[in-house]
Engineer: 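Could you have a look at this structure, given as structure tokens, before my questions?
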Amino acid sequence: MPLKSIDPTQTSAWKSLEEHYKQQHQQHLKDLFAHNPERASDLTLQWQDFLVDFSKNRITKETLEHLLALAKEVDLKDAIEKYFDGDLINQTEGRAVLHTALRMPTGKSVLVNGKDVVPEVQEVKAHIREFADAVISGEKKGYSGKPFKAVVNIGIGGSDLGPAMVTEALKYYRNHLDMHFVSNVDGDHVHETLKHLDPETTLFVVVSKTFTTQETLSNATTIKNWFLQHAGPEDIALHFAAVSTNEAKIAEFGIDPANVFPMWDWVGGRFSLWSAVGLSIALAVGYDHFEALLMGAHQMDNHFREEPFEKNIPVLAGLLTIWYNNFHGAETEAIIPYTQYLSRFSAYLQQGIMESNGKSVDRSGKRIPYQTGTIIWGEPGTNSQHAFFQLIHQGTKLIPADFIGFKHSLHGDTDHHNKLMANFFAQTEALMNGKTEAQVKAEFEAKGISAEEQQRLTPFKVFEGNKPTTTILIDRLTPASLGALIALYEHKIFVQGVIWNIFSYDQWGVELGKQLASAILGDLNSPLISEHDSSTENLLKNFKK
Ligand code: F6P
């Protein structure tokens, strides 16, 4: 069954939210705390080893009631069931959306077009385990009989960002294999990577759902040609593996069928790290950690599917975006992890969130008159504090931010961890409370600053505060907690898409550029230039001169 198509702006909850916004938006978070001593505990959820504090958001009990009423009016519950049940909710491509089936434990079943897909998933997972074990143990060897020392993941978008983000996030759990990721069609990327590789001890994993992506096929071909300068064509079978839905194209490329890992059209590229696209993850950290990542995500799936909405973390997180984006006019959201291990997390979520919800047509095919997908950005704290936090603190824009931190570090150096976490807590406190004129004055007085100087500088030193943040405090960065964290954001994307009444699982907007680039490549490789607007034509002539 397709998702229902309900214009959210026509619901009575939306109208109530508009009214509520008018009355409530001037209220300062500090006052909300002053009025309710229980606010922090009222708005904090504990789920397994996650503590999620929503209390520093510009919401009241009433706001939540209206947002939850909105979720009810658009029938989010029905949508969640269709999502998990494998209904063809990616209607523009006629596909189910089942990354959740990839992390189903054995014994469960999920039907796609009447067929249970879980046994197939388990079969591929067994192959991943076998392959990864053999590479890590050194049982699988390169053409000169040496064990593998390095792995290169060749892919782009979802076939790169997920594995690259997770292998970085789980660096602490990594084995001896050196991991490399080649994605950009820019030759700088592949040629710089090749400089550091030994063909005798490097394994290449070509990852492309379609196996037609220009960047990936160009990089894979360049790498194959480089490899063949050192080894024979029969050695490709030892050094190349592929992950794709397109078996015919893989065969054309010459990869041994024993090293081919299938995936399915019901796995979207940006949600595919749980499939064989995660082969590089299994190679980097070992299969057991990969499985723990999947099981962590599965726990979050259960939470999302079963927990009442008022205690459901992805539902509340998704609703908050609607509140800020559609009522407060916020255009972006910052995601600030307080661990260097999550340095690629925001980049990963940029694809997940922006490729999914960057849509302007609703599920009935009508142009949307309201705002949809938010712009996602962020960098790890504390580096980001010394870069762009000024704008969040004192700029003119409202930027809701997620702060993600861990109670325990993996390194065990308490001095560093306490300094890091002091910043983590201080920032959300500062963003909420700001600094009043009286506080600024007291500081001036303590330093003996003249009255004249005080008057001149005070406006610049005052922070109005009232900047909303959500704190996600997790016990420790483990494969399981990382899996749950990623799944939390995946489900948040789903909630937003359902409410905005859009299709979150297609990405037609990236196709036009690909088509034009292919036509322009023809122009660059021939003496003539085909018809373009005068600006493009001018640029092309200039480039070719
Ligand atoms: O950029 C569009 C896109 O289709 C993404 O959705 C996808 O993750 C990426 O290209 C790579 O596609 P493929 O895995 O088919 O090479």
Side-chain angles (χ1 to χ4, degrees), residues 89-99 102 124 128 152-167 181-186 189-190 204-224 240-253 255 259-281 344-359 373 375-376 486 489-490 493-494 497 502-518 521:
I89 63 169
N90 174 0
Q91 268 174 261
T92 54
E93 295 181 324
R95 294 173 184 170
V97 177
L98 271 179
H99 40 279
L102 299 167
V124 176
I128 297 175
V152 182
N153 187 95
I154 309 162
I156 196 164
S159 299
D160 164 72
L161 285 162
M165 181 276 283
V166 173
T167 49
F181 291 84
V182 174
S183 52
N184 199 332
V185 76
D186 180 351
H189 204 177
V190 63
F204 301 98
V205 184
V206 189
V207 188
S208 176
K209 181 175 166 183
T210 55
F211 228 78
T212 57
T213 305
Q214 184 203 50
E215 289 89 339
T216 302
L217 293 191
S218 301
N219 284 326
T221 305
T222 301
I223 287 175
K224 185 166 92 173
F240 283 76
V243 180
S244 183
T245 54
N246 193 339
E247 287 176 37
K249 285 268 176 200
I250 301 176
E252 235 173 74
F253 190 84
I255 293 176
N259 297 346
V260 172
F261 296 80
M263 58 187 290
W264 306 272
D265 70 1
W266 42 262
V267 182
R270 53 192 175 272
F271 304 99
S272 64
L273 69 88
W274 323 98
S275 71
V277 170
L279 179 62
S280 298
I281 303 172
R344 301 294 311 278
F345 195 57
S346 311
Y348 167 75
L349 288 178
Q350 278 175 337
Q351 189 201 14
I353 298 176
M354 293 161 78
E355 199 167 86
S356 299
N357 287 339
K359 309 287 163 64
I375 300 160
I376 298 299
I486 302 168
Y489 280 95
E490 287 181 346
I493 293 168
F494 176 81
I502 55 178
F503 287 121
S504 299
Y505 298 99
D506 60 20
Q507 56 286 318
W508 301 108
V510 296
E511 293 307 320
L512 177 61
K514 289 185 194 172
Q515 281 165 11
L516 296 188
S518 131
L521 186 59

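Hydrogens, waters and symmetry mates are skipped; everything else that's a heavy atom, side chains included, is used. Since we're looking at a predicted model, the values are computed, not measured. Residue numbers run from 1 in the order of the sequence given. When a ligand or atom number is given, it counts from 1 through the structure's own listing order.
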Engineer: For a 4.5 angstrom cut-off between non-hydrogen side-chain atoms, does Ile486 reach Leu273?
Structural biologist: yes

Engineer: With no hydrogens and no angle check, just 3.5 Å: does a side-chain donor-acceptor pair link Thr210 and Asn246?
Structural biologist: no

Engineer: Show the protein residues that qualify under the rule heavy atom under 4.0 Å from an atom of ligand 1, listing them in chain and number order.
Structural biologist: Ile156, Gly157, Gly158, Ser159, Ser208, Lys209, Thr210, Thr213, Gly269, Gln351, Glu355, Gln507, Val510, Lys514

Engineer: So, taking the atom named NZ in Lys514 and the one named OG1 in Thr212, what distance separates them when rounded to the nearest 0.5 Å?
Structural biologist: 7.0 Å

Engineer: Run the ring-ring contact (aromatic ring centres under 6.0 Å, His included) test against Phe345 and tell me which residues pass, sequence neighbours left out.
Structural biologist: Tyr489

Engineer: Would you please name every residue forming a ring-ring contact (aromatic ring centres under 6.0 Å, His included) with Phe211, sequence neighbours left out?
Structural biologist: none

Engineer: How would you list, by chain and number, every residue that makes a side chain to side chain contact (heavy atoms under 4.5 Å, CB included) with Val124, sequence neighbours excluded?
Structural biologist: Ile128, Pro262, Trp264, Ala276

